[in-house]
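The next block holds one structure in the form of structure tokens; read it before the comments.
Along the sequence shown, residues carry numbers from 1. Note that these values count all heavy atoms, side chains included, but never hydrogens, waters or copies made by symmetry. This one's a predicted model, so the numbers in the text were calculated from it and none came from an experiment.
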Amino acid sequence: MISLTDVNVLPIDSFVDRFGDVAEHSPWVAEAAGALRPFASREAMVLAFAQAVRTAPRSLQLKLVNAHPDLAGRAARAGIMAADSVKEQAGAGLDTLTDEEYARFTDLNDRYRARFGFPFILAVKGATKHRILESFAERVGNAPAVEFENALGQIARIFRFRIEDRVSPD
């Protein structure tokens with residue numbers, strides 16, 4: 001873990017190197033958040049990452065959403081996800097799905113992506129595969145605008161979990 005004091009004095013390139021993967025394959029988020037330093041608290045750092053996304057153009061927001069892998073999807077089975085995503089999905093039991101469960105996730109991922117044009121995003125830390133499937137079923141019927149907001153909100157939760165894993169609360 002790194003202290004908030006040390007986070008606040010990192011050169012911007014070092015900050016992006018250290019936190020660029022907090023936002024899935026989108027280091028621009030860390031660059032924008034890093035420009036908002038110094039952070040008064042770890043919570044302020046989390047909020048800076050969320051603000052960087054909220055104030056970005058919709059095209060960048062959509063790229064960020066689309067950078068996320070499908071939950072228990074093909075990338076997970078092939079092992080080509082970001083390290084944090086691998087750890088988070090494994091923590092939710094998504095690495096031990098039965099063939100039937102995998103088929104259900106694949107069906108829901110495909111239906112969701114066809115309806116909304118981006119992957120289903122859920123901050124899975126602390127969730128079970130059963131809760132994830134329930135969330136999928138609840139959200140697949142939402143209006144596209146509602147679901148885009150849900151995706152951004154879940155991404156902000158992912159930021160929180162990843163930053164809390166890396167930065168001490170001071």
Side-chain angles (χ1 to χ4, degrees), residues 16 19-33 43 45-167:
V16 173
F19 298 103
D21 62 342
V22 166
E24 199 86 14
H25 304 293
S26 303
W28 63 267
V29 178
E31 188 171 342
E43 176 68 15
M45 182 177 176
V46 170
L47 294 174
F49 272 74
Q51 179 182 339
V53 172
R54 289 293 181 178
T55 58
R58 183 172 170 90
S59 61
L60 270 180
Q61 292 173 338
L62 186 57
K63 281 184 179 183
L64 171 62
V65 170
N66 276 310
H68 285 261
D70 287 337
L71 291 177
R74 292 165 192 89
R77 284 229 161 154
I80 55 173
M81 296 186 309
D84 283 327
S85 289
V86 171
K87 183 174 86 172
E88 291 156 2
Q89 288 198 28
L94 300 185
D95 61 337
T96 61
L97 297 177
T98 65
D99 288 342
E100 183 179 308
E101 290 168 332
Y102 178 73
R104 183 150 184 235
F105 268 95
T106 299
D107 175 60
L108 285 165
N109 278 321
D110 291 346
R111 287 176 36 215
Y112 187 95
R113 197 178 276 277
R115 176 167 169 77
F116 299 110
F118 51 83
F120 175 78
I121 299 176
L122 183 73
V124 298
K125 187 173 183 176
T128 65
K129 60 186 173 184
H130 303 292
R131 179 63 193 126
I132 296 166
L133 285 168
E134 288 171 14
S135 294
F136 241 133
E138 290 167 5
R139 289 174 47 193
V140 75
N142 282 342
V146 168
E147 204 48 34
F148 191 75
E149 285 302 311
N150 281 337
L152 294 180
Q154 289 298 312
I155 288 170
R157 288 189 69 219
I158 292 167
F159 293 163
R160 173 174 305 286
F161 294 143
R162 291 180 179 179
I163 290 168
E164 287 175 352
D165 283 348
R166 297 174 189 199
V167 179

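- A search for side chain to side chain donor-acceptor pair (under 3.5 Å) contacts involving Arg160 returns Glu43, not counting sequence neighbours.
- Scored by the side chain to side chain contact (heavy atoms under 4.5 Å, CB included) test, Ala23 finds Ser26, Val29, Leu64, Phe159 as partners (sequence neighbours excluded).
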* Please walk me through it: do Ile132 and Phe105 pass side chain to side chain contact (heavy atoms under 4.5 Å, CB included)? -> CA-CA 9 Å; Ile132 296 166; Phe105 268 95; 3.6 Å; yes
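- Distance CG/Asn109 to CZ/Phe136: 4.0 Å, rounded to 0.5 Å.
- A search for side chain to side chain contact (heavy atoms under 4.5 Å, CB included) contacts involving Ala56 returns Trp28, Leu60, Gln61, not counting sequence neighbours.
- Across every non-hydrogen atom of Pro27 and Val16, the tightest pair is CB-CG1, 4.0 Å.
- Judged as a side chain to side chain donor-acceptor pair (under 3.5 Å), and not counting sequence neighbours, Arg115 has no contacts.
- For Asp107, the side chain to side chain contact (heavy atoms under 4.5 Å, CB included) partners two or more places apart in sequence, or in a different chain, are Arg111.
- In this structure Glu149 satisfies the side chain to side chain donor-acceptor pair (under 3.5 Å) test together with Arg54, sequence neighbours excluded.
- Glu138 pairs by the salt bridge (Lys or Arg N to Asp or Glu O under 4.0 Å) definition with Arg131, not counting sequence neighbours.
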Pair up each side-chain donor or acceptor in residues 150-158 with any protein partner under 3.5 Å, not counting sequence neighbours, and list the distances.
{"unit_1": "Asn150", "atom_1": "ND2", "unit_2": "Glu147", "atom_2": "OE1", "d": "3.0"}
{"unit_1": "Gln154", "atom_1": "OE1", "unit_2": "Ala123", "atom_2": "N", "d": "2.8"}

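- Judged by the 6.0 Å and 45° rule, Arg162 forms no cation-pi pair with Phe49.
- The side chain to side chain contact (heavy atoms under 4.5 Å, CB included) check on Glu101 picks up Leu97, Thr98, Lys129, His130, with sequence neighbours excluded.
- Residue Phe118 comes nearest to Leu62 through the heavy atom pair CD2-CD1, 4.1 Å, listed as atom of the first residue, atom of the second, then distance.
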